[in-house]
Participant: 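Let me begin by handing over the structure; questions about it come next.
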Number of protein chains: 2
Amino acid sequence: MADVAQLAGVSSQTVSRVSNGFPGVTEDTRRQVLDAMRELGYRPNSAARALRRGEFRTLGVITFSLSTMGNIRTLEAIATSAAQHGYAVTLLPVAVPTQDEVNGAFSRLGELAVDAVIVIMEIHLLDAATVSLPPGVQVVVADSDAGDRYTVVDTDQAGGARDAVRHLLDLGHDTVWHLAGPEGSFAAQRRANAWSDTLRAAGRMTPPLVRGDWSAESGYRAGLRLADEPDCTAVFAANDQMALGLLRALHERGRRVPDDISVIGFDDIPESASFLPPLTTIHQDFAQVGRLCVEGVLDKMRQDGAEHGTTLVPTRLVRRESTGPRRR
Amino acid sequence: MADVAQLAGVSSQTVSRVSNGFPGVTEDTRRQVLDAMRELGYRPNSAARALRRGEFRTLGVITFSLSTMGNIRTLEAIATSAAQHGYAVTLLPVAVPTQDEVNGAFSRLGELAVDAVIVIMEIHLLDAATVSLPPGVQVVVADSDAGDRYTVVDTDQAGGARDAVRHLLDLGHDTVWHLAGPEGSFAAQRRANAWSDTLRAAGRMTPPLVRGDWSAESGYRAGLRLADEPDCTAVFAANDQMALGLLRALHERGRRVPDDISVIGFDDIPESASFLPPLTTIHQDFAQVGRLCVEGVLDKMRQDGAEHGTTLVPTRLVRRESTGPRRR
DNA sequence: CCAGTGGATGTTTACGTAAACATTGCCCAG
DNA sequence: CTGGGCAATGTTTACGTAAACATCCACTGG
């Protein structure tokens with residue numbers, strides 16, 4: 001910076017003003033400074049900048065292995081939205097979802113150049129990690145339900161699940177089976193709860209819950225069991241991947257979809273339109289979730305805390321060919 | 001830091017030594033300092049640290065929208081591997097793959113707290129962006145082929161494609177059709193080149209190339225055309241998503257897989273084992289690619305440049321049920 | 001008993017920037 | 001023509017850390 005100042009024949013402070021786009025600099029001077037910058041290949045040192053300003057203009061994102069489509073899409077939206085607000089995004093991967101790993105991520109966080117944090121993860125493991133959160137670092141949690149202790153942004157899991165079940169009931173099915181996500185997942189839990197609540201509210205029998213782990217493979221295994229249930233005419237899978245495996249199992253067992261069994265998924269991943277048959281599913285607006293996370297955390301930084309709350313992003317039923325009226 | 005020093009009754013330099021794990025501090029002193037740190041909730045200011053040390057311990061990753069599985073998995077591996085080396089990862093999303101956007105990302109890069117950069121993208125757009133690369137910032141490119149100008153780490157696209165084609169030829173098919181990725185993609189291009197090279201080397205006819213855009217939807221559209229080709233008994237799809245769409249189209253048109261037509265994919269996404277039928281495909285080791293990117297870029301930082309080169313990560317054929325011997 | 005040695009700790013300084021305050025010089029109202 | 005005011009620019013300083021150098025002290029060997 002001093003070199004630039006010298007070459008441009010001004011003081012370093014003027015260079016600073018130019019590089020920050022501050023007013024009070026003649027057009028002539030500005031041009032000279034910019035020329036000098038270009039000539040010397042000057043680029044501001046962000047460490048010094050951060051040190052001086054007391055902020056990094058960077059958001060940290062803690063997330064589990066980017067194996068689920070939802071997390072990825074959310075992350076992408078966060079990165080894009082953050083960039084629009086002039087913030088960079090630093091990734092804090094947590095390889096294994098154990099309490100130790102999470103605590104580790106949070107403590108690394110303490111040494112990280114980050115102004116605020118967005119957490120994309122199940123809240124279970126977040127509980128004990130609370131303590132190690134550096135003071136003054138704001139947090140927003142996505143895909144969780146700790147609205148009382150954190151600010152949360154999430155898809156309206158319950159609403160989506162309710163829509164899925166109702167869709168199938170409306171088609172004339174007596175009841176709806178549920179292929180749930182793993183026990184540890186709050187998203188899975190809420191979808192499952194909404195499923196049974198909706199059935200109960202409609203006065204229907206609640207079939208035993210079948211559990212998978214989000215993977216297509218687990219959906220396949222579950223599907224082999226469901227194919228043998230004579231009463232089963234409609235299944236709500238907690239995500240599209242499991243629905244894919246389910247479709248495969250049903251096909252192998254000669255159960256036609258939707259003629260014998262209707263299947264509905266959750267997420268609306270791009271591929272689901274190309275399943276056999278194309279999957280009816282609940283569309284999640286991940287981009288919106290990511291955007292709200294960023295805006296939420298920036299808001300909190302400005303207001304220094306504020307109260308917690310939960311923002312729900314609505315879902316949308318996408319009707320394709322895997323669901324149809326009950327035939328007996 | 002001064003506060004900690006005062007509370008512990010030592011100098012700030014001793015605190016620094018403790019916080020960096022340097023030797024030459026009595027166990028007693030160390031404990032006192034650590035206690036003081038805990039009591040005051042001290043966490044080192046990474047901006048000051050970076051300023052003083054002249055490095056950020058952060059890698060920048062430039063990538064297009066995280067829509068393809070490969071990019072995501074690579075990114076994940078990069079983040080994990082970087083963490084193991086004590087580096088954080090900052091994401092630089094490029095929303096739209098236009099030259100302007102790429103240049104923009106590179107210029108933002110100049111202001112970013114980053115020691116080196118890993119680029120996951122097609123090289124086309126990288127060309128003109130070269131100029132704006134800040135001097136002294138090392139670059140490694142994944143998923144590309146500019147080995148002469150950049151250090152490149154990539155899956156052995158050609159080898160994988162060759163294996164795919166040979167697998168089908170070995171099964172007795174006269175020739176193999178190819179459902180290629182988008183024109184702009186170098187990965188797609190190399191897979192397509194290897195496909196035609198392999199056919200030519202085997203003295204087979206080269207059917208007209210069918211082009212998709214990586215999406216399942218485009219695979220479906222291409223599949224509708226291929227289903228009407230009476231000579232087509234084997235298709236090599238440039239990725240698994242397109243293979244999925246292809247399978248759907250073939251199914252709709254009543255062409256059985258693999259009895260009438262064999263299909264092989266590329267990538268081995270987790271879902272492909274649950275396609276109908278489970279997809280034979282070429283497995284890519286994205287984790288390895290990511291790891292090598294990180295190690296490569298760290299190496300370059302140490303050696304300050306070194307020469308460019310290309311590292312290829314081998315693929316593996318995963319045989320499932322979508323390919324079978326030709327039947328006439 | 002003393003010089004020498006080496007480990008433990010303290011002091012000074014610079015990293016690059018931007019806020020706060022200081023200075024310059026010009027314009028215009030009185 | 002003169003002083004007040006304001007825009008443009010310069011000077012000083014502090015941000016938190018760690019390298020380089022300085023100091024202190026206990027112990028060893030002659």
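Below, chains carry the letters A, B, ... as their sequence lines are ordered, and counting in each starts from 1. The structure displayed is predicted, hence computed values, not measured ones.
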Participant: For A:E27 and D:dA7, give me the distance from atom CD to atom C1', rounded to whole Å.
Facilitator: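 Atom CD in A:E27 sits about 15 Å away from atom C1' in D:dA7.
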Participant: Any side chain to side chain donor-acceptor pair (under 3.5 Å) pairs touching residues 287-296 of chain A, not counting sequence neighbours?
Facilitator: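 For residues 287-296 of chain A, and leaving out neighbouring residues, the side chain to side chain donor-acceptor pair (under 3.5 Å) pairs sorted by first residue read A:Q288-A:R291, A:R291-A:E295.
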Participant: In whole angstrom, what separates B:D3's CG from D:dT17's P?
Facilitator: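 The distance from CG of B:D3 to P of D:dT17 comes to 10 Å, rounded to the nearest Å.
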Participant: Only distances under 3.5 Å count here; give the side-chain donor-acceptor pairs of residues 11-24 of chain A to other protein atoms, sequence neighbours excluded, each with its distance to 0.1 Å.
Facilitator:
| from | atom 1 | to | atom 2 | distance (Å) |
| --- | --- | --- | --- | --- |
| A:S11 | OG | A:Q13 | N | 3.4 |
| A:S11 | OG | A:T14 | N | 3.4 |
| A:S11 | OG | A:T14 | OG1 | 3.4 |
| A:S19 | OG | A:R49 | NH2 | 3.0 |
| A:N20 | ND2 | A:S16 | O | 2.9 |

Participant: Could you tell me how far apart A:D28 (CG) and D:dT9 (C1') are, to the nearest whole angstrom?
Facilitator: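 Nearest whole value for this atom pair: 14 Å.
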Participant: Report the residues that fulfil side chain to side chain contact (heavy atoms under 4.5 Å, CB included) with A:L92, sequence neighbours left out, ordered by chain and then residue number.
Facilitator: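 Per chain and number, A:L92 pairs via side chain to side chain contact (heavy atoms under 4.5 Å, CB included) with A:I62, A:L109, A:L112.
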Participant: Excluding sequence neighbours, so at least two apart, what forms salt bridge (charged side-chain N to carboxylate O under 4.0 Å, His left out) with B:E55?
Facilitator: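 Expected list: B:R57.
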Participant: Round to a whole Å and report the spacing from CZ of A:R53 to P of C:dA20.
Facilitator: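 My rounded result for the distance is 14 Å.
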Participant: So, using side chain to side chain contact (heavy atoms under 4.5 Å, CB included) as the criterion, who are the partners of B:S46 when residues are at least two apart?
Facilitator: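 For B:S46, the residues satisfying side chain to side chain contact (heavy atoms under 4.5 Å, CB included) (neighbours in sequence not counted) are A:F56, A:A113.
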Participant: Tell me, please, which residues at least two apart from A:A8 pass side chain to side chain contact (heavy atoms under 4.5 Å, CB included).
Facilitator: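 Listed in chain order: A:V10, A:V33, A:A36.
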Participant: Using a 4.0 Å cut-off on protein heavy atoms (strictly under), produce a 5'-to-3' string for nucleotides 8-16 of chain C with B for base contact, S for backbone-only sugar-phosphate contact, and - for none.
Facilitator: SBBB--BBB
Participant: How many whole angstroms separate atom CZ of A:R57 from atom C1' of C:dA18?
Facilitator: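 Rounding to the nearest Å, CZ of A:R57 and C1' of C:dA18 are 13 Å apart.
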Participant: May I ask you to decide if A:Q157's main-chain N or O and A:T155's side chain share a donor-acceptor pair within less than 3.5 Å?
Facilitator: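 Not a single qualifying donor-acceptor pair exists.
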Participant: Applying salt bridge (charged side-chain N to carboxylate O under 4.0 Å, His left out), name anything that partners B:R31, two or more places apart in sequence or on another chain.
Facilitator: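 Only B:D28 meet the salt bridge (charged side-chain N to carboxylate O under 4.0 Å, His left out) criterion with B:R31.
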Participant: Over its full length, what angle do the end axes of the helix from C:dC1-D:dG30 to C:dG30-D:dC1 make, each axis taken from five pairs and the result rounded to 10 degrees?
Facilitator: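 For the helix from C:dC1-D:dG30 to C:dG30-D:dC1, the axes at opposite ends meet at about 50°.
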